[in-house]
Amino acid sequence: MARLRTKTRHVIYGAAAGTCVSALLLGGLLVQTEMRQAKEKNRLEQQYSAEIAQFKQQTKATLTKGWVPSREIAAGQKILEDDLEPVELPKTSVPGNFIATKDRITGRTAKVELGANTLITESLLYEEEATPGDLRNREMSFVQLPNSLGKGDVMDIRIQFPTGEDYILLSKKKVNDLKKPTLTVTLDEHEILMLSSAIVDAYLHKASIYALTYVEPGLQAKAIPTYPANQQVMKLLGRDPNLAVKAENYLNSQASRDLLEQSLNTVSEQSALSFAGSQAEAAAAAAEAGASLNGREEEEGGPPWNAPQTELVGN
């Protein structure tokens, strides 16, 4: 019995030892597996990181940086630094004349209207010339203006003679201010002299000075002035500088008369007949009142005591 118990105890110990060894082996295997998996995971992470970095580098090599407006910019408006924001686009999808640096855009002027997020290229911009020292603002009210003309529009001012000859007097002028019939433009000294000559020409030869607007001023080239200064006019201006003022006053009065005639032409025939009828009724009423007064004077033997007396002056 004691031997059986000892044998049983040995079997139990052996089984326990085998279980412990198996557990140790299994634990070691699990640890080894986890280590292998962690190593493989680390290797995969490094591989993926390298592939992502390579992909980013390849993508960056195919992208290029440009600039777009952050808001809508009107044609003829100067672009400021705060109006721009950067954008990255594939090199294959951008035109060759795109502008990559911000400094080359800031301070330049838009030729056409630029919507937000429009890639800015050289063909969309132009750079204004430096302001000459002889520029002056000139108000004019003698120019025949288009009905659709508005502030900021760009126009040519032309002169047309009764013979049909038509010349460009001032080219591509921006309307700085407009209070019809008066507009304000900027002229240099040469243009001021040409305008003075044209004013006198229009005064002497019954010519008309009128304006024509550009359709796309940012895209259309500036017209070349064709008006030849009249040498006789220049001589007249030299002898009498006030002649240009007289001529301009005359043209201003003619422009005012044209506006008046336009207003008169808008009066309907019915309105004119009604006005004439009211005037006739008023005249008839005045005549009737005068006849009644004369009748009372004859009956009473003279005018009433408070009636005004008419003094007769003999020769």
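Just so it is clear, the structure is predicted and the values come from calculations on it, not from any experiment. Only heavy atoms go into these numbers, but all of them, side chains included; no hydrogens, no water, no symmetry mates.
Under the 4.5 Å side-chain heavy-atom criterion for ILVMFWY residues, no single connected hydrophobic cluster contains both Phe161 and Tyr210. Hydrophobic clustering (side-chain heavy atoms under 4.5 Å, transitive across Ile, Leu, Val, Met, Phe, Trp, Tyr) keeps Leu114 apart from Val87. Val68 and Ile73 sit in two unconnected hydrophobic clusters of ILVMFWY residues. Membership requires side-chain heavy atoms under 4.5 Å apart, directly or through other members. Under the 4.5 Å side-chain contact rule for hydrophobic residues, Leu145 and Val175 share a cluster. Hydrophobic clustering of Ile, Leu, Val, Met, Phe, Trp and Tyr side chains at less than 4.5 Å, counting indirect connections, keeps Val94 apart from Ile99.
Residues Pro69 and Ile79 have side chains not in contact (no heavy-atom distance under 4.5 Å, counting atoms from C-beta outward). Residues Leu169 and Arg158 fail the side-chain proximity criterion, which asks for heavy atoms closer than 4.5 Å. Taking 4.5 Å as the limit, every side-chain heavy atom of Ser171 sits out of range of all side-chain heavy atoms of Ile224. Within the 4.5 Å cutoff, no side-chain heavy atoms of Asn137 are placed close to those of Asp177. Side-chain contact check for Ile209 versus Met140: every heavy-atom pair is 4.5 Å or farther apart. Counting heavy atoms from C-beta outward, Phe98 and Leu89 have side chains that stay 4.5 Å or more apart. Inter-residue side-chain proximity for Leu187 and Lys173 is flagged as met; some heavy-atom pair is nearer than 4.5 Å.
Minimum heavy-atom separation, Met155 to Leu183: CE-CD1, 2.9 Å. Contact between Trp67 and Ala100 at its shortest, heavy atoms only, is NE1-O, 3.0 Å. Here the shortest heavy-atom pairing between Pro90 and Leu63 reads N-CD2, 3.5 Å. The nearest pair of heavy atoms linking Leu119 to Gly66 is CD1-CA, 4.1 Å. When all heavy atoms of Pro162 and Lys206 are compared, the closest pair comes out as CG-O, 3.5 Å. Looking at every heavy atom in both residues, Ala110 comes nearest to Ala74 through CB-O, 3.9 Å.
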Report the C-alpha distance between Glu191 and Arg138 in whole Å, list the side-chain angles of each, state the deciding distance to 0.1 Å, and finish with yes or no for side chain to side chain contact (heavy atoms under 4.5 Å, CB included). CA-CA 10 Å; Glu191 290 170 331; Arg138 178 68 156 86; over 6 Å; no
Derivation of the side-chain hydrogen bond (donor to acceptor under 3.5 Å, both in side chains) call for Ser70 and Asp83: CA-CA 5 Å; Ser70 57; Asp83 297 331; 5.1 Å; no
As a quick check of understanding, evaluate side chain to side chain contact (heavy atoms under 4.5 Å, CB included) for Lys111 and Leu124, giving each step before the final call. CA-CA 5 Å; Lys111 287 185 179 179; Leu124 299 178; 5.7 Å; no
Let's go through Asn117 and Glu85 carefully: what are the C-alpha distance in whole Å and the side-chain angles of both, what is the deciding distance for side chain to side chain contact (heavy atoms under 4.5 Å, CB included) to 0.1 Å, and is it a yes or a no? CA-CA 9 Å; Asn117 300 320; Glu85 59 183 19; 3.5 Å; yes
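For Lys172 (side chain) and Val154 (main-chain N/O), no donor-acceptor pair under 3.5 Å exists by modelled atom type. Side-chain N or O atoms of Gln220 include one that pairs as donor or acceptor with a backbone N or O of Glu216 at under 3.5 Å. Without hydrogens or angle criteria, Ser141 side chain to Pro181 main chain gives no donor-acceptor distance under 3.5 Å.
The line from CG of Leu149 to CD of Gln144 is 13.0 Å long, rounded to the nearest 0.5 Å. Here CD1 of Ile105 is found 7.0 Å from OG1 of Thr101. Values are rounded to the nearest 0.5 Å. The CG atom of Leu170 sits 11.5 Å away from the OG1 atom of Thr186 when rounded to the nearest 0.5 Å. Considering CG of Leu44 and OG of Ser49, their distance stands at 10.5 Å, rounded to 0.5 Å. How far CD1 of Ile168 is from CE of Met194: 15.0 Å, rounded to the nearest 0.5 Å. A distance of 5.5 Å separates OG1 of Thr106 from CD of Glu81, quoted to the nearest 0.5 Å.
Crowding of Lys102 atom NZ: a count of heavy atoms from other residues, nucleotides or ligands under 6.0 Å exceeding 12. Summarising the local packing, NZ of Lys174 is surrounded by 12 or fewer heavy atoms from other residues, nucleotides or ligands at distances under 6.0 Å. Counting heavy-atom neighbours within 6.0 Å of Glu40 CD, excluding the residue itself, gives a total above 12.
No hydrogens or angles considered: nothing links the side chains of Asp153 and Tyr214 as a donor-acceptor pair under 3.5 Å.
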